[in-house]
Amino acid sequence: MSTRTPIVGGNWKMNTTAETGVALARAVAAGSGGVACEVVVYPPFPYLATVGGTLAGSDVQLGAQDLYHEPNGAFTGEVSVEMLRDVGVTVVLAGHSERRHVIGETDDLVNRKVRAALAGDLMVTLCLGETLEQREAGRTTDVVLGQLRHGLAGVAEAAMGRVVLAYEPVWAIGTGVTATPDDAETAHRAIRGALADLYNPQVAAATRIQYGGSVKPGNAAALAAGPNVDGFLVGGASLVPDDFLAITRMATAPDPAADRQPEARNA
Ligand code: PGA
């Protein structure tokens, strides 16, 4: 049985106001006491400090949706690791598919961000995922493992304890189409196998791999039953406190109907 603690993130994306963000954070903090997974919320930049204040005293971690890898200087509109730490951020996303595909971030930029976050003692969630076109061309594994290798280039084994991976097939994000538990488990198993090659079996067994893409209370338990699925990165449903909280509870409770055993492949 895996000893990895599942981690569930709520990626609010470009949603909420100061008022609705605080209300959402308050509801998540109040409702997540006692859940057996780590919980992170990722508010928009302008609300980080305020939401951080709301979360103070709770176990919910404050996450940022992005960062810039340079420490300071003439980078209009960008936000450094030090600024994030200054407002209480402990974890940051890198390479979210919307950054890659809407904003145009390259694997190289994502890698710089991952290394900057780790150098600044943040935890980083590196997002990976193939587009529908890539999946239909049979390139899912190549694409995802390519993003993994690029994203982790130059990351030392000692830093891997602060890396979380998120497998988020692009075709499942915000579309209402979810990967099947088998699709998710297959990709997660391939990612874990690649970690064993890149590092060693211990790192592979210890690294958390979240699934993301239209996760809802109705599908979370079946997805969580995959032995290599260690929680979720949730977009739309993270804006609805009851849904998000239900998902945090399901992340640690494999579906009793699932016929798979929760064993880590590389344990
Ligand atoms: P979704 O977003 O849950 O709305 O599909 C997931 C994500 O982008 O992290």
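Order of listing sets the numbers, starting from 1, for every ligand and every atom in it. What's counted below: heavy atoms across the whole structure, side chains too, no hydrogens, waters or symmetry copies.
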Next on the checklist: So, applying side-chain hydrogen bond (donor to acceptor under 3.5 Å, both in side chains) with Asn228, which one of His188, Arg208, Arg192 is it?
Outcome noted: Arg192
Item to check | Which residues share a side chain to side chain contact (heavy atoms under 4.5 Å, CB included) with Asn15, sequence neighbours left out | outcome: Lys13, Leu239
Looking only at the side chains, is there a donor atom on one of [X] and [Y] sitting less than 3.5 Å from an acceptor on the other?
| X | Y | result |
| --- | --- | --- |
| Tyr167 | Glu130 | yes |
| Thr180 | Asp183 | yes |
| Glu82 | Asn72 | no |

List below, pair by pair, the N or O atoms of ligand 1 and of the protein that are less than 3.5 Å apart, including the distance to 0.1 Å; reply 'none' if no pair qualifies.
residue  : atom  : partner : partner atom : Å
ligand 1 : 2 (O) : Lys13   : NZ           : 3.1
ligand 1 : 2 (O) : Gly235  : N            : 3.4
ligand 1 : 3 (O) : Ser214  : N            : 3.4
ligand 1 : 3 (O) : Gly235  : N            : 2.9
ligand 1 : 4 (O) : Gly236  : N            : 2.8
ligand 1 : 5 (O) : Gly174  : N            : 2.6
ligand 1 : 5 (O) : Ser214  : N            : 2.7
ligand 1 : 8 (O) : Lys13   : NZ           : 2.7
ligand 1 : 8 (O) : His96   : NE2          : 2.7
ligand 1 : 9 (O) : His96   : NE2          : 3.3
ligand 1 : 9 (O) : Glu168  : OE1          : 3.4
ligand 1 : 9 (O) : Glu168  : OE2          : 2.7

Next on the checklist: If you define the side chain from C-beta out and look only at heavy atoms, does anything of Gln61 sit under 4.5 Å from Val89?
Outcome noted: no
